[in-house]
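Beneath this line is the structure, given in structure tokens, with notes to follow.
As a basis for the values below, the full set of heavy atoms in this structure was taken, side chains included, without hydrogen atoms, waters or symmetry mates. Residue indices begin at 1 and follow the sequence shown.
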Amino acid sequence: MAPAAVFVAVFTYYPMIAGGQMAFRNWKLTDLTDTSWVGLKNFSDVFADPAWGTVLSNTGVWVVGSIVPQLVIGFALALWLRRRFRFRGLYQALIFFPWAISGFLIGILFRWLFNSEFGVVNDLLQKAGLIDEPIAWLADPKTAMVAVLIANIWYGVTFFAIMILAALQSIPDELYEAAALDGASKSRTLFQVTIPYIRTTLALTVLLRVIWIFNFPDLIFGMTGGGPNNETHIVTTWMIKITQQGDYGRASALGLLVVAALLVFAVFFLLATREKKGVRP
């Protein structure tokens with residue numbers, strides 16, 4: 001295990017430590033002659049930035065607005081795919097295919113789809129009579145976040161469908177047969193048999209997806225780059241923007257805040273995993 005441990009230490013932990021110490025220094029590419037220790041100044045600069053409130057609220061909308069529809073739609077797809085029907089394998093392949101595509105590539109794809117001049121979305125809406133003129137989806141602060149949420153929902157539904165379908169296939173048929181003999185309706189069977197049986201898997205899947213979405217700037221960067229006027233910036237895309245501006249100290253401070261938030265979610269994930277294995281902390 002020594003070679004693997006050395007590899008991880010050199011290429012993972014050392015960069016993390018080196019980058020973390022930048023958060024407490026005046027580390028800017030515009031002036032590398034002064035990298036003095038500034039303590040918590042970079043953190044205070046992050047909190048004092050006028051864009052911080054918008055970025056923080058955007059992050060909450062990004063996570064919640066993505067997770068809830070992904071869970072609901074993914075659950076419905078999993079229930080449908082659990083049934084036996086003709087060409088089920090083909091449908092599964094088509095539904096699971098988006099998960100194999102890069103998030104940044106998905107962002108570029110949806111940037112073209114939501115293009116105000118020749119995008120497919122506006123064209124379909126106009127032909128359906130739902131809008132009279134094209135909408136500048138990605139240029140309007142009121143619709144930009146809606147557009148990126150739609151793209152992320154489409155991208156993430158696959159993950160929930162895969163995980164929930166695997167959990168559904170582990171439910172013994174005897175439980176459904178017993179529910180049918182008791183005269184339980186489909187809705188009652190869903191809420192009293194299916195969901196209780198896979199509730200731990202659902203919790204683990206949601207927690208894991210929250211961690212990924214919170215730390216998932218690829219799609220937003222591919223679609224809007226955080227614009228317009230910071231209206232689609234989340235914490236991780238804003239961190240990339242600050243890095244591109246050469247302020248490594250402030251970007252590192254923001255990165256440590258992201259790591260702290262992810263550690264909280266990771267603790268909940270590990271606790272849920274222990275509970276699933278029947279281990280009590």
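- Criterion: ILVMFWY side-chain heavy atoms under 4.5 Å apart, direct or through other members. Under it, I135 and L130 are part of a common hydrophobic cluster.
- Between T143 and A136, the shortest heavy-atom contact is OG1-O, 3.6 Å.
- Residues L29 and M22 share a single hydrophobic cluster, defined by chaining ILVMFWY side chains whose heavy atoms lie under 4.5 Å apart.
- Minimum interatomic distance between N42 and A23 (heavy atoms only, all atoms of both residues): ND2-O, 2.8 Å.
- Sorted pairs that involve residues 10-27 and meet salt bridge (Lys or Arg N to Asp or Glu O under 4.0 Å), not counting sequence neighbours, are lacking altogether.
- Residues G227 and A144 share a closest heavy-atom pair of O-CB, 4.3 Å.
- Between the side chains of N122 and W137, at least one donor N or O sits under 3.5 Å from an acceptor N or O.
- Legend: residues meeting side chain to side chain donor-acceptor pair (under 3.5 Å) with S185, ordered by chain and number and at least two apart, are S187.
- D140 pairs by the salt bridge (Lys or Arg N to Asp or Glu O under 4.0 Å) definition with nothing, not counting sequence neighbours.
- Proximity of P134 to Q126: side-chain heavy atoms (C-beta onward) are separated by under 4.5 Å at one or more points.
- Contact check for M16 versus T12: side-chain heavy atoms found under the 4.5 Å cut-off.
- Side chain of Q192 to main chain of T189: no donor-acceptor pair is present (N/O by atom type, distance under 3.5 Å, no hydrogens or angles).
- The structure places CZ of F75 at 4.5 Å from CD1 of I195, a figure rounded to the nearest 0.5 Å.
- The salt bridge (Lys or Arg N to Asp or Glu O under 4.0 Å) check on K142 picks up nothing, with sequence neighbours excluded.
- For the atom pair OG1 (T194) and CG (L168), the distance works out to 6.5 Å, reported to the nearest 0.5 Å.
- Judged by distance alone, the side chain of N26 and the main-chain N or O of S36 form no donor-acceptor pair under 3.5 Å.
- Hydrophobic clustering (ILVMFWY, side-chain heavy atoms < 4.5 Å, transitive): V10 and F7 are in one cluster.
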Please tabulate, one pair per line, all N/O donor-acceptor pairs under 3.5 Å involving side-chain atoms of residues 249-267, not counting sequence neighbours.
residue	atom	partner	partner atom	Å
R250	NE	D247	OD2	3.3
R250	NH1	D49	OD2	3.0
S252	OG	G19	O	3.1
S252	OG	Y248	O	2.8

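- Nearest heavy-atom pair across L149 and G65 is CD2-C, 3.9 Å.
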Using side chain to side chain contact (heavy atoms under 4.5 Å, CB included), reason through L71 and L202 one step at a time and then give a plain yes or no. CA-CA 9 Å; L71 173 61; L202 290 176; 4.3 Å; yes

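- Taking CG of L124 as the start and CD1 of I131 as the end, the distance is 9.5 Å to the nearest 0.5 Å.
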List the steps, then state whether side chain to side chain contact (heavy atoms under 4.5 Å, CB included) holds for F159 with T205. CA-CA 9 Å; F159 175 76; T205 305; 3.5 Å; yes

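- Grouping Ile, Leu, Val, Met, Phe, Trp and Tyr by side-chain contacts under 4.5 Å, direct or through others, puts F104 with I108, W112, F118.
- For D182, the CG atom is densely surrounded, since the number of other residues' heavy atoms within 6.0 Å is greater than 12.
- Considering every non-hydrogen atom in both A9 and P15, the closest pair reads O-CD, 4.4 Å.
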Would I150 and F114 count as a side chain to side chain contact (heavy atoms under 4.5 Å, CB included) here? Give the steps. CA-CA 10 Å; I150 291 173; F114 282 103; 4.2 Å; yes

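- Cluster membership for L105 and V148, using ILVMFWY side-chain heavy atoms within less than 4.5 angstrom, is shared.
- With sequence neighbours left out, the salt bridge (Lys or Arg N to Asp or Glu O under 4.0 Å) criterion links D173 to R82.
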Let me have the donor-acceptor pairs involving side chains of residues 237-245, under 3.5 Å, with sequence neighbours excluded, atom names and distances please.
residue	atom	partner	partner atom	Å
T237	OG1	H233	ND1	2.9
T237	OG1	I234	N	2.9
T237	OG1	I234	O	3.0
K241	NZ	N230	OD1	3.3
T243	OG1	M239	O	2.8

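- Residue G74 comes nearest to I164 through the heavy atom pair C-CD1, 4.3 Å, listed as atom of the first residue, atom of the second, then distance.
- The list of ring-ring contact (aromatic ring centres under 6.0 Å, His included) pairs with a residue in residues 173-195, not counting sequence neighbours, is empty.
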Compile the donor-acceptor pairs under 3.5 Å between side chains in residues 206-225 and protein atoms, sequence neighbours left out, one pair per line.
residue	atom	partner	partner atom	Å
R209	NE	Q70	OE1	3.1
T224	OG1	I220	O	3.4
T224	OG1	G226	N	3.2
T224	OG1	T232	OG1	2.7

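- Proximity of T59 to T236: side-chain heavy atoms (C-beta onward) are nowhere separated by under 4.5 Å.
- Using a 30° and 60° split on the angle between ring planes, F43 and F24 fall in the tilted class, from 30° to 60°.
- Under the 4.5 Å side-chain heavy-atom criterion for Ile, Leu, Val, Met, Phe, Trp and Tyr, L138 and V120 are members of the same hydrophobic cluster.
- Separation of atoms CG (L109) and CG (L113) is listed at 4.5 Å; rounding is to 0.5 Å.
- Looking at F160 and I73, their side chains never come closer than 4.5 Å, going by heavy atoms from C-beta outward.
- By the salt bridge (Lys or Arg N to Asp or Glu O under 4.0 Å) test, K41 is found to be paired with D45, residues two or more places apart in sequence or in another chain being considered.
- Sorted by first and then second residue, the side-chain hydrogen bond (donor to acceptor under 3.5 Å, both in side chains) pairs with a member in residues 152-163 read S66-N152; sequence neighbours excluded.
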